[in-house]
Structure formats: structure tokens, C-alpha cells
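Computed from a predicted model, the values in this text were never measured in an experiment. Sequence lines set the chain letters: A, B, ... in the order given, protein chains first and strands last, and positions in each chain run from 1.
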There are 2 protein chains.
Amino acid sequence: MRKEKIPAATIIRLSVYQRYLKRLLANGVKVVSSSELAYEASVNPAQLRKDLSYFGRFGVRGVGYDVASLLNTISGILGLLDEWRVVLVGAGPIGQALLRHPQFSRQGYVFEAVFDFDENHIGKQLEGGHTVRAIEDLPKVIKERGIQLAVLAVPSERAQEIADVLVESGIKGILNFCTTRIRVPRGVSVQYVDFTILLDTLTYKISQNNTGNKEPVSSAKPKWAREHSWPVVQSNIQRQGVSLTS
Amino acid sequence: MRKEKIPAATIIRLSVYQRYLKRLLANGVKVVSSSELAYEASVNPAQLRKDLSYFGRFGVRGVGYDVASLLNTISGILGLLDEWRVVLVGAGPIGQALLRHPQFSRQGYVFEAVFDFDENHIGKQLEGGHTVRAIEDLPKVIKERGIQLAVLAVPSERAQEIADVLVESGIKGILNFCTTRIRVPRGVSVQYVDFTILLDTLTYKISQNNTGNKEPVSSAKPKWAREHSWPVVQSNIQRQGVSLTS
DNA sequence: TTTCAAAAGTGATTTTTATAACAATTTGAA
DNA sequence: TTCAAATTGTTATAAAAATCACTTTTGAAA
Ligand SMILES: NC(=O)c1ccc[n+]([C@@H]2O[C@H](COP(=O)([O-])OP(=O)(O)OC[C@H]3O[C@@H](n4cnc5c(N)ncnc54)[C@H](O)[C@@H]3O)[C@@H](O)[C@H]2O)c1
Ligand SMILES: NC(=O)c1ccc[n+]([C@@H]2O[C@H](COP(=O)([O-])OP(=O)(O)OC[C@H]3O[C@@H](n4cnc5c(N)ncnc54)[C@H](O)[C@@H]3O)[C@@H](O)[C@H]2O)c1
């Protein structure tokens, strides 16, 4: 445990586990086994245990994991015990859809300020109570409030220039909805949300199936699949995006 | 070439290459080398050549790749030479942001119909000319028009039941914005667009850095990095989501 | 108590993916 | 016509990640 390099996929899975743990907690479930939780997350139970083992030992052999405590542990690992303040750049349709959504605040993310370039937007009060500010104020606000996270939802051609400003102002993580890869220095992380690429992978698979060029379907159930009423789905955590990090 | 199992990450990268090829074509660039294109996509040039080699030989040694022809080839591989009709389920903020966006039609995706449950939405004319239809019509429309792709943007609690209807009606690929994993039978593909998970990976990394628990930074430039004016970013294609497929 | 079944933790193994290295081509200039 | 530079295609190697299989621990029932 510890020291070892932790796979990026592990972090993603932790986030998925966390979500199910929240649900279990809400349902009053006290204890959960690796198989149960892994099944919910559609991963191999050994994988789940391995994922956790990078960080310590949190279960009780023969028993399972305490839901509340594991949830707390994972939240801590992900850095989610504190509130995170976020700036939104680009108050277009995507940006506004995000602002409205309760999922973020539930997870501890708070939109602290919203910026746009368009004169027609600036000063407008948005649903949810945010007022759009001029992009010129961005560096000041970030620096003064020590904000570390940004959501980038400007037109893609603007992505790099805004990213440069964000980095310059001290932002450490960018959730990028734009369809261009951006370059950031080491120490700043970027995650891409790229719908069209995901659609393309769907069309690829459908085309494959249609042309009879099927994937070698391993029709055997995975050993760890439990009996249940719906079709068994092969666990399949896939690379699903491209991320520039440094 | 061929036969071999093709990594999911390869398909994602093809989509990224395709995007840059489009841009090159628009700029009148006729020929591109693996290093140039790979650099744009932030991957290793050997990786790019390997990716292409799964499907055939498309370049000219000593010269490079013909932009127009490679673009066409990749589009063909991804199944993007034809138009794809898509149904949207859930005309909330996310759904509407998608409808409005020109990126999709540019890539050959056409929203063929929009469905919602809410009486207040049904019948409404949305920006872009779509009329919201009652969810009850969904199976009929999908079957009659032979639609294979769906975008799922309903409240997450509804995700599974709607997915079941989609599958039952003949949908082969689902782009899922909901925050629950859905189960689908073999032969149907699902891709998840899950913003909060991506934010969580950002907070994880930032927390790591803040606690001094830094990643072992390999400060050496990758060999294939070219000289240029911005900071060199280590290529880093990461697992970036969780996808259930079958 | 003792025994058994359940289930975590983890080293060993397998599988998958990425990178490197180099032979084979091609072009163009000497 | 020959040589050198550029650049692909591909095999070999390395790295990373997932899975297996076994050991240990626990709790509860006999
Ligand atoms: N908007 C975000 O920032 C965000 C972030 C994370 C996740 N998501 C997820 O994306 C999905 C959509 O987000 P949103 O903000 O547009 O959601 P929303 O809940 O505001 O809107 C969903 C729409 O679906 C419709 N609907 C409800 N039940 C339906 C049914 N049975 N059949 C058809 N339509 C139905 C509703 O009438 C509404 O118009 C949600 O699952 C949400 O959790 C959104
Ligand atoms: N909406 C989608 O379905 C979708 C799909 C794929 C990709 N994207 C990408 O997501 C991003 C945002 O999408 P959208 O539909 O909200 O975009 P949009 O272009 O409609 O809105 C972007 C907003 O950014 C503002 N803006 C422009 N220049 C700015 C600047 N220099 N500084 C600050 N603000 C600026 C604009 O005024 C506008 O309000 C785009 O990059 C788009 O390519 C969106």
C-alpha cells in the first residue's frame, strides 16, 4: 500500500464507488462486501479490493466494509471532504446547464463566479442567482479568492487563450468542454468532456457489428457475476477520453 | 493488420486524429507526417502509426500521409461517412444545449426527434426547430425510422427504465449523461458522459499536490517532443471514464 | 471451544497497451 | 545513378493494468 503508482482508472472507479456508497448510506445499508459494491459499479471485485489497497486497509475480513466509514475514506482520498470553489468561463448553453444542476453542489462543488466575453451576457442575472461578469475580472477574482478549479465552456477556438489566463491566475484543474486539446504546464490538470468523440466510438462499434465484423464475444459470464434478473453485462472499463496532464 | 483486437483507446484517438485532419484539410495542408499529427493530438508518433496499422497501410514512407485520403479513411473506419440519426430523450438543459450545438451536424449526427415526459414540454417548439414529443411515441419513432443512436439526458433515476425502452425499440448505441450505470444486453453499447467523476479526478490530483504527495514527475521531455514556444506537456492518454459495453 | 463459511488483502500471473527501435521505402539532390 | 534524409510499417520490448488464486482474518453456529 501507498508509494506505488496509482492507476488513473483507480481514481475514476473510486468516484463511482463513492456514488454507490452514498446511495447505500441513504438506504440505511450499514455494511457492504466487495462483491456487492463491485457488482454495482460493474467491476471485478478483486479490482475493487486492489483499488482500495493502494490507500490502506478499510474492510473487515469475513465481514465487508462499513458503508459510512468507507464513504468517508474515499471522499477523503478524492479530496471531497472540503468544499471546492469553481469558476465557470463561458455562459453559453453548456455553461448554464451546469450552473443549474444540483449534482455539483451535492458533491461539494460551488460555482463561485461566472465569466463571459459577450457584452450582452455581462451583468445578466442567471437562473440560480449568478451574475455574469466580464472576462477581464477573471484573474483578479481567481487570485483574490484562491480558486483552484475552472470549468471551461467557451467556443473551442478560444480555449487555449483562456486556459493560459486561468493558469496564469493560479488555477490548478480545468474541466474542459471545448473540442481542442489545450496545453498547460506541469502541476495543472485538465480533464476533457468530449461528447462527439464518445459518439464516434459508438458509431464505430455499431458499424463493426453491422458489417459482421463482430468483436470476439466472450459469451461466458465472468466468474464473479451474481445471479440476477437482468442480462449480465461484462465489466468493461474502457479508456474513454483523452486527457492532458502534467 | 486486422483480426487483432483493437484497443478502445485507439478508437478514441482515431476520433482525435480525425478532428485535426479536418482542420488541416480546411487549411489547405496536403500532406502530414505521423509526428506532426501525433504532436497535435498529444500522443506518441509510434502510437499513431500503430493505431493506423490495425486497419491497414495508409501512408507513404519517406513522405507522410495524404490529409484528404487519411481523413476519409479514418472517417470510414469510424463509420462516419454516413449520416447518423439520433433520438434525444430528455429535453432538459443538457438536452437542449446539445440540440443547439453545430458540432454534431458537422460530424454527421442529426437529431431526428426529441422526447420528454413533462406535459409542459411536450409540443413545444425548441430552438433549432425541434418539437418535443411525448415519451410514449419513442418506440414507434425508433422502429419506424430504424434509428440506432440515442442520447439519454433524463433524470438519473429514470435512466434504466428509459434505457430498457430504447433497447427494446432497437437502439444500438446510447450516449448517457445520467449519473447511474445502466445495464444493456450484448450488442448494445453505452458511453457515459460523467462530469462530476472528472471533477473528482481533478480534486484528487490537486489534493495530492497540495499535500506534497506529488506524482513522480518525469521532468525529461519525451524524445518525440518538438521544439516550440509553449511548455512541453507530457502526453498522457488516460482512462477517463467508465463504460459498460456488451 | 472448535469448525466452517464468508470475505478482505495481496503476491503472482496474465493480459493489455504503449513505446522503442529499426528495416523498408520514397524523394530529391549531388 | 547514387546517396542521404525523411518517414512509414512493424517487430520486439517495456510498462501498466487487470485478474487470479491463495492466505489470513473474522464471526457465528455447532
Ligand atoms: N446538467 C448538468 O450539469 C449535469 C451534470 C451531471 C449530470 N447530469 C445528468 O444529466 C441528465 C440531464 O441533465 P439535465 O440538467 O438536463 O436534467 P433535468 O433533470 O433538468 O432534465 C431532464 C429532462 O428529462 C425529462 N424527463 C423526466 N422524466 C422523463 C421520462 N421518464 N422520459 C422522458 N423525459 C423525462 C424532464 O421533463 C426534463 O425535461 C441528468 O441525469 C443529470 O443527472 C447533468
Ligand atoms: N453544446 C454542445 O452540445 C457541445 C457539444 C460539443 C462541444 N461543445 C463545446 O463546449 C463549449 C461550450 O459550448 P456552448 O454550446 O455552451 O458554446 P457557445 O459557443 O454557444 O457559448 C460559449 C459562451 O462563451 C462566451 N465566450 C466567447 N468568447 C469568450 C471569451 N473569450 N471569454 C469568455 N467567454 C467567451 C460566449 O459569449 C458564449 O456565451 C464549446 O467549446 C463547444 O465546442 C459543446
(message) So if I take every side-chain heavy atom of B:Arg49 and compare against C:dA8, C:dT19, D:dG9, which nucleotide ends up nearest?
(response) D:dG9
(request) Nearest-nucleotide wise, let me know which of B:Ala46 and A:Pro7 is further upstream toward the 5' end of DNA chain D. (result) B:Ala46
(request) Using side chain to side chain donor-acceptor pair (under 3.5 Å) as the criterion, list what pairs up with B:Asn176, not counting sequence neighbours. (result) none
(request) Give the rounded distance in Å between these two atoms: CG of B:Leu48 and C1' of C:dT17. (result) 15 Å
(message) Starting the side chain at C-beta, find the nucleotide from D:dA17, C:dG9, D:dT7 nearest to A:Tyr65.
(response) C:dG9
(message) What is the distance, to the nearest angstrom, from the CZ atom on A:Phe55 to the P atom on C:dT10?
(response) 14 Å
(request) Output every pair passing side-chain hydrogen bond (donor to acceptor under 3.5 Å, both in side chains) with a member in residues 62-75 of chain A, not counting sequence neighbours, ordered by first then second residue. (result) A:Gln18-A:Ser75
(message) Without decimals, in angstroms, what is the distance between A:Tyr54 OH and D:dA16 C1'?
(response) 9 Å
(request) Name all residues meeting the ring-ring contact (aromatic ring centres under 6.0 Å, His included) criterion together with A:Tyr20; count only those two or more places apart in sequence or in a different chain, and write none if there are none. (result) none
(message) So, taking the atom named CD1 in B:Ile174 and the one named CD1 in B:Ile182, what distance separates them when rounded to the nearest 0.5 Å?
(response) 4.5 Å
(request) Could you list the residues that satisfy salt bridge (charged side-chain N to carboxylate O under 4.0 Å, His left out) with A:Glu168, not counting sequence neighbours? (result) none
Throw together a table of side-chain donor-acceptor distances under 3.5 angstrom for residues 150-160 of chain A, partners on residues two or more places apart or in other chains.
residue	atom	partner	partner atom	Å
A:Ser156	OG	A:Thr179	N	2.9
A:Ser156	OG	A:Thr179	OG1	2.9
A:Arg158	NE	A:Glu161	OE1	3.0
A:Arg158	NE	A:Glu161	OE2	3.4
A:Gln160	OE1	A:Arg183	N	2.9
A:Gln160	NE2	A:Asp164	OD1	2.7
A:Gln160	NE2	A:Arg183	O	3.2

(request) Figure out the CD/P separation between A:Gln47 and D:dA21, and round it to whole Å. (result) 16 Å
(request) Classify the side chain of A:Lys50 and the base of D:dT19 as holding, or not holding, a donor-acceptor pair under 3.5 Å. (result) yes
(message) Nearest whole Å is fine: how far is C:dT17 P from B:Asp51 CG?
(response) 11 Å
(request) Please determine if a side-chain N or O atom of B:Arg57 lies less than 4.0 Å away from the OP1 or OP2 oxygen of D:dT10. (result) yes
Please list each protein N or O that sits under 3.5 Å from an N or O in nucleotides 26-30 of chain D, with the distance.
residue	atom	partner	partner atom	Å
D:dT26	O4'	A:Arg61	O	3.1

(message) Below the 4.0 Å mark, does D:dT8 have OP1 or OP2 next to a side-chain nitrogen or oxygen of B:Ser34?
(response) yes
(request) Look at B:Lys5 and C:dT17 and indicate whether a side-chain polar atom (N or O) is within less than 4.0 Å of OP1 or OP2. (result) yes
(message) For a 4.5 angstrom cut-off between non-hydrogen side-chain atoms, does A:Val86 reach A:Ile147?
(response) no
(request) Let me know the distance between CG of B:Asp66 and P of C:dT26, rounded to the nearest Å. (result) 15 Å
